[in-house]
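Accompanying notes for the structure given below.
A note on names: the letters A, B, ... follow the listed sequences, proteins ahead of strands, and every chain is numbered from 1. When reading the values below, keep in mind they use all heavy atoms of this one structure, side chains included, and skip hydrogens, waters and symmetry mates.
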There are 2 protein chains.
Amino acid sequence: MPERTYGEITGFPIGSTFNNRRELHEAGVHRPTQAGISGGKDGADSIVVSGGYEDDEDFGHVIIYTGQGGQDPDTREQIADQVLTHGNAGLARSSIEGHPVRVVRGAGGDAEHSPASGLRYDGLYRVADFWHATGRSGFRVWRFRLVADGETDPALDNDQSDGSDEPAARAQVTIQRIVRNTAVAQHVKELHRHACQICGIRIVTPAGPYAEAAHIRGLGKPHHGPDTRGNVLCLCPNHHVMFDTGAIYIESDWTVRDSLTNDVVGKLRRSPSHAIDVRQLDYHREHIAL
Amino acid sequence: MPERTYGEITGFPIGSTFNNRRELHEAGVHRPTQAGISGGKDGADSIVVSGGYEDDEDFGHVIIYTGQGGQDPDTREQIADQVLTHGNAGLARSSIEGHPVRVVRGAGGDAEHSPASGLRYDGLYRVADFWHATGRSGFRVWRFRLVADGETDPALDNDQSDGSDEPAARAQVTIQRIVRNTAVAQHVKELHRHACQICGIRIVTPAGPYAEAAHIRGLGKPHHGPDTRGNVLCLCPNHHVMFDTGAIYIESDWTVRDSLTNDVVGKLRRSPSHAIDVRQLDYHREHIAL
């Protein structure tokens with residue numbers, strides 16, 4: 001498993017420039033010297049946007065990025081379908097895990113947003129969405145919508161609905177999951193192999209297994225829970241919603257109960273390498289459960 | 001069921017002022033003439049923040065608001081526990097449904113953020129979180145964290161983890177669901193009584209039933225799906241994740257299949273009053289499913 005560094009690389013702030021891919025590699029900002037995506041099935045940590053794909057679209061804070069593969073090595077024409085493996089699988093995985101992706105722009109890219117020469121590190125983006133389409137060439141390409149960190153996703157811009165059958169005038173979503181992975185959260189999910197500690201379900205997607213790290217006692221204001229493994233559960237989205245809204249709670253003997261009926265829902269699935277902090281369960285029962 | 005208007009009231013932009021609760025009522029900005037919360041179990045559409053509760057905290061873009069009930073009508077002292085009914089249930093419901101809440105500040109509130117006299121409409125907020133605590137009086141109070149629309153929730157400010165046992169230095173979350181309800185989404189969820197159209201599960205929380213409106217073909221760029229009932233499914237969060245990541249797809253005879261194995265997962269549950277647009281299912285199979 002490659003060791004990936006997600007996020008900023010110390011010493012290389014936004015705007016750092018590089019003369020060539022070798023310098024970029026040595027800085028650790030983008031490790032591969034050829035590929036546009038640094039990634040594998042564990043996730044992707046960086047990409048280079050340099051106009052290598054005819055289907056790329058660069059809007060600045062939003063980039064529609066084409067996956068890798070299927071190009072003739074000499075002509076760089078698309079000659080085959082792309083598949084969801086290697087870097088493509090990495091970007092999909094980063095999407096569902098919420099990993100930040102370093103974006104580097106090269107001189108060959110969109111004129112408005114790219115450097116005149118060499119390469120420039122342009123900050124962290126999140127993979128908001130991924131899908132496949134038939135590219136201009138007629139072959140399947142994977143596409144990834146990246147949104148600059150700290151910028152509002154334009155898909156959240158507007159929640160007006162006109163009820164007509166026309167495409168929505170502006171982008172809209174009704175629900176968006178913003179995933180911000182921490183080392184602690186990642187570790188707990190891996191310990192449980194992404195299986196829900198309440199029902200045991202393990203959701204498997206084309207981007208790999210999906211689970212959510214649920215803080216027992218919320219972090220930050222107003223709950224001030226600790227960001228420790230003992231304060232995190234690995235849950236499926238359904239049980240995460242139920243736990244966060246206080247629909248279920250967990251007793252000190254690990255019995256899971258329905259808050260509204262007091263019925264037993266089950267027993268918390270535990271792992272010997274994941275010690276849960278029972279004080280946090282007390283807090284959840286006292287403040288969140290009904 | 002009261003007819004509530006969520007969102008802005010035409011003719012009363014942010015900053016509109018009112019001399020008293022009667023004017024506020026007549027404007028339709030906050031209907032009740034006494035209660036601080038306009039809401040019931042279908043949701044809450046507005047609140048007045050005016051210092052009536054000793055446990056309120058007003059930080060401007062973030063408000064920690066205390067629920068209603070349990071006060072002596074004469075002394076306004078807290079003399080009993082608050083319960084999750086009436087306006088309190090309304091704010092909890094608005095939290096899980098993503099309804100915007102109009103916030104009005106009165107002269108009695110926090111000195112920094114409140115008007116010197118009368119009442120002022122201060123815009124739309126979302127109920128980010130709700131919980132209960134023992135108030136200064138020793139009785140249970142319900143508390144609601146409201147965040148101004150368009151402002152970043154401070155709980156999303158930082159995703160650094162130091163792994164220590166200390167309370168996180170800054171607020172952090174690992175996942176946040178941002179719900180933006182539309183009339184179309186609400187209607188489809190109500191038609192199916194919040195039961196998942198794939199597995200039939202109906203999640204019930206202390207804030208009422210919870211389901212998610214899933215657009216079959218995404219709205220806005222790049223998918224340009226229509227915001228119509230025919231393009232929306234009522235799903236549980238687990239099946240929503242699976243549908244959006246392409247882990248499952250739906251055939252034209254409503255068979256639901258696993259994208260990775262092609263196994264039959266089940267049959268889509270339909271309602272005679274909810275005509276699903278099969279062209280959108282075609283799009284999902286062609287672009288999202290593996």
Side-chain angles (χ1 to χ4, degrees), chain A residues 64 84 96 129 131-133 145 154-156 159 161-168 170-185 201 203-207 210 212-213 215 218-222 224-228 236-238 240-242 245-247 259-260 287-288 290, chain B residues 64 84 96 129 131-133 145 154-156 159 161-168 170-185 201 203-207 210 212-213 215 218-222 224-228 236-238 240-242 245-247 259-260 287-288 290:
Chain A
I64 309 288
L84 197 63
I96 71 166
D129 196 10
W131 67 99
H132 52 84
R145 187 166 62 91
L156 275 171
D159 56 342
S161 160
D162 65 3
S164 79
D165 206 53
E166 289 301 297
R170 280 190 268 170
Q172 305 170 337
V173 295
T174 47
I175 185 155
Q176 186 179 46
R177 285 182 185 72
I178 296 178
V179 181
R180 291 280 183 276
N181 227 336
T182 65
V184 168
I201 200 177
I203 293 176
V204 180
T205 79
Y210 180 86
E212 296 181 358
H215 282 100
L219 300 182
K221 275 191 178 178
H224 299 293
D227 189 21
T228 54
C236 71
N238 283 2
H240 194 179
V241 165
M242 292 161 82
T245 57
S259 235
L260 298 159
H287 292 281
I288 311 299
L290 203 58
Chain B
I64 310 287
L84 197 62
I96 70 168
D129 196 10
W131 68 97
H132 52 83
R145 188 166 61 90
L156 275 171
D159 57 341
S161 158
D162 65 2
S164 79
D165 206 54
E166 289 300 296
R170 280 190 267 171
Q172 306 171 335
V173 294
T174 46
I175 184 157
Q176 187 180 46
R177 285 180 186 74
I178 296 179
V179 181
R180 291 279 183 275
N181 227 336
T182 64
V184 168
I201 199 177
I203 293 177
V204 180
T205 79
Y210 180 86
E212 296 181 358
H215 282 100
L219 300 183
K221 274 190 177 178
H224 299 295
D227 189 20
T228 55
C236 70
N238 283 2
H240 194 178
V241 165
M242 291 162 82
T245 57
S259 234
L260 298 159
H287 293 280
I288 311 298
L290 202 58

Heavy-atom pairs under 4.5 Å with chain A - which of Leu84(B), Ile201(B), Ile64(B), Ile203(B) has more of them than the others?
Ile203(B)
I need the minimum non-hydrogen distance between Pro206(A) and Leu290(B), along with the two atoms involved.
CB-CD1, 3.9 Å
Where does Ile288(A) contact chain B at under 4.5 Å (heavy atoms): side chain, backbone, both or neither?
both
Least distance between heavy atoms, Pro237(A) atom then Val241(B) atom
CG-CG2, 3.9 Å
Measure the spacing between CG of Asn238(A) and NE2 of His240(B) and express it to the nearest 0.5 Å.
12.0 Å
Chain B contacts, top residue of Ala207(A), Gly246(A), Ser259(A), Pro222(A) (heavy-atom pairs, under 4.5 Å):
Pro222(A)
